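See below for the structure under consideration.
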Amino acid sequence: MLDLAFIRENADRVREALAKRKSDAPIDTILQLDADRRAALVEVEGLKKERNEKSKTIGQLIQSGGDVQARKDEVKRIGARISEIEEKLESIESKLQDAMFEVPNLSHESVPVGDTEEANVEIATWGDKPEFDFEPLAHWDLGTNLGILDFERAAKIAGARFALYFGDGARLERALIQFMLDLHTGEHGYTETLPPFLVNRDALIGTGQLPKFEEDLFKTDGHDLFLIPTAEVPVTNIHADEILDAEQLPLAYCAYTPCFRSEAGSYGKDVRGLIRQHQFNKVELVRFAHPDHSYDELETLTRHAETVLERLELPYRRVVLCTGDTSFTSAKTYDLEVWLPAQRLYREISSCSNFEAFQARRAKIRYREAKGEKPRPLHTLNGSGLAVGRTLVAILENYQQADGSVVIPEVLRHYMGGRERITAQST
RNA sequence: GGAGAGGUGGCCGAGUGGCUUAAGGCACAGGUUUGCUAAACCUGCGUAGGGUCACACCUACCGAGGGUUCGAAUCCCUCCCUCUCCGCCA
């Protein structure tokens with residue numbers, strides 16, 4: 001959510017910035033509602049002041065034995081008028097809030113302007129794409145041949161867009177989770193957290209998934225709880241409704257969680273393999289930063305995610321998303337894309353964003369610069385470090401051998417019982 | 001699932017209809033006193049919105065939402081959460 005006072009004072013700048021993001025958010029409506037709201041507030045607060053004063057005199061009159069009926073009737077009329085205006089005020093505020101929830105974040109000035117992903121800009125590439133003297137297989141064939149992935153049985157159990165891992169596949173997924181957590185906690189200074197996988201409505205409003213994107217979520221029946229689409233939701237909300245000291249910043253948390261997404265509207269897209277699942281594992285990085293340093297923090301966080309790819313020796317590139325492709329809540333996003341040789345393309349494996357104060361304002365995550373100063377919203381950031389299923393895909397495809405086996409990246413062997421290679425197993 | 005207790009400011013805690021603009025204490029900040037430290041004393045110390053050039057000032061907030069009343073932290077209703085015990089359970 002943007003700062004309403006900022007919109008009021010910079011309406012033209014906001015309109016211009018929203019145009020770059022292809023947003024038709026109702027700024028004029030917001031300005032009108034805001035003016036109406038303040039006018040109604042002044043009126044109702046004046047009346048309340050009058051009521052408070054006159055009510056007090058009734059108490060005094062009763063003590064001294066005077067007749068209070070006329071005065072009571074008068075205050076009752078004021079009360080009725082107050083209710084009337086408050087009703088109006090409530091309606092204005094609810095409309096204003098709805099309109100404010102329609103407004104996306106504004107892009108940072110360094111973000112390239114563009115409408116679609118075509119306008120995203122490659123910042124850097126890393127690593128050498130592997131050369132094969134055979135036709136590399138897609139991971140769904142590799143995994144099925146090795147007996148470590150089973151999509152048919154997963155469909156029997158749960159349906160489309162679910163996977164069943166066996167043996168070394170399951171272990172490799174677990175090894176990746178553990179490797180990533182060990183790296184981020186041991187070398188990058190993150191505090192590991194294991195949050196709830198179900199969250200309430202307030203948490204999702206806080207990070208911006210609600211009210212606009214409810215159809216992307218899995219909701220439980222009979223409880224107002226949702227399966228998390230990303231650990232960003234529970235972890236960012238750790239400090240909701242809190243006021244932190246400036247010296248505490250930055251705070252850095254990492255969390256492994258499964259993620260659940262309905263993938264509504266992606267029918268026919270990535271129907272094969274592990275790329276787009278209703279349930280997938282992710283290690284998430286979340287940082288709470290001082291506003292003056294949040295863009296340095298974004299570079300730091302992105303480097304932490306890139307380090308995972310580099311340790312695994314997976315070729316990737318970093319892309320900065322253009323204004324039109326940046327997600328609703330983000331001010332600036334880097335995508336990390338890993339090379340998938342079977343498809344001969346780079347595929348998103350991490351998304352690292354600075355939300356500035358957008359989430360902090362919604363979730364009321366604030367900090368105090370110094371004692372006695374007013375609390376201000378801080379800046380939140382997060383990034384995948386990394387999407388685990390897609391990392392497993394990248395390993396299978398990049399490390400595959402002519403005989404159908406897969407070499408285990410060196411940093412993972414220690415987690416795989418010291419073995420160097422995954423070979424076919426029976427299931 | 002059953003029974004009970006409870007939710008008041010950073011913390012403790014008083015408060016069953018108007019003298020509460022939420023007592024008092026702790027913690028914190030500034031000051032006075034003091035050989036130093038400590039203590040004592042004085043002052044300040046919540047959040048949000050409105051308002052102002054800036055102050056002043058105003059309004060709201062005692063878990064949330066309704067209701068009764070001239071007036072609600074206080075009375076009534078609904079809901080949420082926490083704790084204890086029992087049952088069930090990994």
Side-chain angles (χ1 to χ4, degrees), chain A residues 1-9 30-101 194-206 210 219-226 234 237-249 251 258 357 359-378:
Chain A
M1 195 153 62
L2 297 184
D3 179 12
L4 184 54
F6 179 84
I7 295 178
R8 190 188 303 147
E9 285 152 28
I30 287 170
L31 292 171
Q32 186 57 53
L33 288 168
D34 175 48
D36 293 348
R37 172 178 166 275
R38 281 182 297 147
L41 259 185
V42 169
E43 193 180 358
V44 79
E45 285 183 0
L47 287 168
K48 279 183 180 174
K49 183 185 177 189
E50 198 181 338
R51 179 180 66 181
N52 288 346
E53 285 166 351
K54 292 196 168 150
S55 282
K56 202 166 266 187
T57 65
I58 290 173
Q60 290 160 357
L61 271 173
I62 290 171
Q63 303 256 313
S64 60
D67 179 24
V68 294
Q69 196 51 51
R71 172 95 3 149
K72 276 192 181 182
D73 292 344
E74 185 191 356
V75 178
K76 192 164 194 170
R77 277 196 299 277
I78 297 174
R81 183 90 184 99
I82 288 173
S83 304
E84 224 171 86
I85 300 169
E86 277 191 329
E87 214 168 287
K88 188 173 89 181
L89 195 58
E90 213 167 285
S91 142
I92 292 170
E93 285 183 335
S94 131
K95 282 181 201 154
L96 181 58
Q97 170 133 83
D98 290 350
M100 287 296 284
F101 279 144
L194 185 61
F197 301 162
L198 287 163
V199 292
N200 61 32
R201 193 169 282 276
D202 285 346
L204 287 155
I205 289 172
L210 289 179
K219 186 179 185 312
T220 57
D221 200 13
H223 307 266
D224 210 18
L225 290 172
F226 299 79
N237 278 288
I238 287 173
H239 294 296
D241 292 310
E242 291 183 17
I243 300 173
L244 306 169
D245 294 329
E247 307 90 74
Q248 292 177 263
L249 304 176
L251 288 170
Q359 294 180 325
R361 217 172 273 123
R362 293 165 80 114
K364 298 189 185 63
I365 311 169
R366 295 173 292 175
Y367 78 103
R368 209 187 295 274
E369 191 65 60
K371 231 180 164 38
E373 300 232 352
K374 274 185 86 69
R376 296 166 52 201
L378 46 71

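Computed from a predicted structure; not experimentally measured. So that the names make sense, note that chain A is the first sequence line, chain B the second, and so on, each numbered from 1.
In this structure B:rA90 sits in no base pair that meets the Watson-Crick or G-U test at under 3.5 Å. In this structure, B:rG4 and B:rC83 make a Watson-Crick or G-U wobble pair, each of the two defining distances being under 3.5 angstrom. With a 3.5 Å ceiling on both atom-pair distances, the Watson-Crick or G-U wobble partner of B:rA64 is B:rU78. When both pairing distances are held under 3.5 Å, B:rA72 makes no Watson-Crick or G-U pair with any nucleotide shown. Figure legend. B:rU16 is base-paired to no nucleotide; pairs are counted as Watson-Crick or G-U wobble with both atom distances under 3.5 Å. B:rA48: Watson-Crick or G-U partner is B:rU59, with both key distances under 3.5 Å. In this structure, B:rC53 forms no base pair with any nucleotide, since neither Watson-Crick nor G-U wobble geometry is met with both distances under 3.5 Å. Of all nucleotides present, only B:rG31 satisfies the Watson-Crick or G-U wobble test against B:rC41, with each distance under 3.5 Å.
Between A:L4 atom CG and B:rA48 atom P the separation is 15 Å, expressed in whole Å. If you measure from atom CG of A:D224 to atom P of B:rC79, you get 16 Å, rounded to the nearest angstrom. Rounded to a whole Å, the NZ atom of A:K49 is 19 Å from the P atom of B:rG71. Across the protein-nucleic acid pair, A:D202 atom CG and B:rC79 atom P stand 19 Å apart, rounded to whole Å. In this structure, CZ of A:R81 is placed 18 Å from C1' of B:rC70, rounded to the nearest angstrom. The separation between A:E369 atom CD and B:rA29 atom P is 18 Å, rounded to whole Å. The distance between atom CD1 of A:I58 and atom C1' of B:rG71, rounded to the nearest whole Å, is 7 Å. Rounded to a whole Å, the CG atom of A:D73 is 9 Å from the C1' atom of B:rC70.
Comparing B:rU8 with B:rG63, their C1' atoms sit 10 Å apart, to the nearest whole Å. Only the P atoms considered, B:rC41 is 43 Å distant from B:rG51, to the nearest whole Å. Comparing the same atom, P, in B:rC19 and in B:rA3 gives a spacing of 39 Å after rounding to whole Å. Of the P atoms belonging to B:rA56 and B:rG44, the separation is 14 Å, rounded to the nearest Å. Taking atom C1' in both B:rU21 and B:rC58, the straight-line distance is 12 Å, to the nearest Å. One P atom belongs to B:rG71, the other to B:rU59, and the distance between them is 16 Å to the nearest Å. Separating the C1' atom of B:rU68 from that of B:rC11 is a span of 35 Å, rounded to the nearest Å. Between the P atoms of B:rG7 and B:rA14, the separation comes to 9 Å (whole Å).
Salt-bridge annotation for A:E86 and A:R81: absent, with no side-chain N of the basic residue lying under 4.0 Å from a carboxylate O of the acidic one. Under a 4.0 Å N-O distance rule, the pair A:E50/A:K54 qualifies as a salt bridge.
Counting heavy atoms of neighbouring residues, nucleotides and ligands inside a 6.0 Å radius, atom NZ of A:K364 does not exceed 12 of them. Annotation: A:E9, atom CD; neighbour count of heavy atoms from other residues, nucleotides and ligands within 6.0 Å is above 12.
Counting non-hydrogen atoms under 4.0 angstrom, A:R77 reaches nothing in the nucleic acid. A:R361 comes within 4.0 angstrom of no nucleic acid atom, judged by non-hydrogen atoms across all strands. Residue contacts shown for A:R38 are limited to sugar-phosphate atoms, with no base heavy atom under 4.0 Å away.
Listed for the A:D3 side chain is a donor-acceptor partner under 3.5 Å among the backbone atoms of A:A5.
Between A:Q69 and A:V42, it is A:V42 whose nearest contact on RNA chain B lies nearer the 5' terminus. Nearest-nucleotide positions on RNA chain B for A:K76 and A:S55 put A:S55 closer to the 5' end.
The CG atom of A:L198 lies 11.5 Å from the CG atom of A:D224; values are rounded to the nearest 0.5 Å. One finds the CE atom of A:M100 at 5.0 Å from the CG atom of A:L4 (value rounded to the nearest 0.5 Å). Here NZ of A:K49 is found 11.0 Å from CD of A:E45. Values are rounded to the nearest 0.5 Å.
The side chain of A:R37 lies closest to B:rG50 when the candidates are B:rU59, B:rG50, B:rC19. Nearest to the side chain of A:K72, among B:rC58, B:rU47, B:rC70, sits B:rC70. Of the candidate nucleotides B:rU21, B:rG50, B:rC70, B:rG50 has the atom nearest to the side chain of A:L41. Side chain of A:I243, nearest nucleotide from B:rG50, B:rU47, B:rC58: B:rU47. Among B:rC70, B:rG50, B:rU47, the nucleotide with an atom closest to any side-chain atom of A:R366 is B:rU47. Taking the side chain of A:R368 as heavy atoms from C-beta on, and the options B:rA48, B:rC70, B:rG46, the nearest nucleotide is B:rG46.
Here A:K48 does not reach the OP1 or OP2 of B:rU59: none of its side-chain N or O atoms lies under 4.0 Å away. Proximity of A:N52 to the phosphate of B:rG71: no side-chain N or O atom is located under 4.0 Å from OP1 or OP2. Of the side-chain N and O atoms in A:R376, none sit less than 4.0 angstrom from OP1 or OP2 of B:rU47.
If you check distances only, the side chain of A:E45 does reach the base of B:rG49 with a donor-acceptor pair under 3.5 Å.
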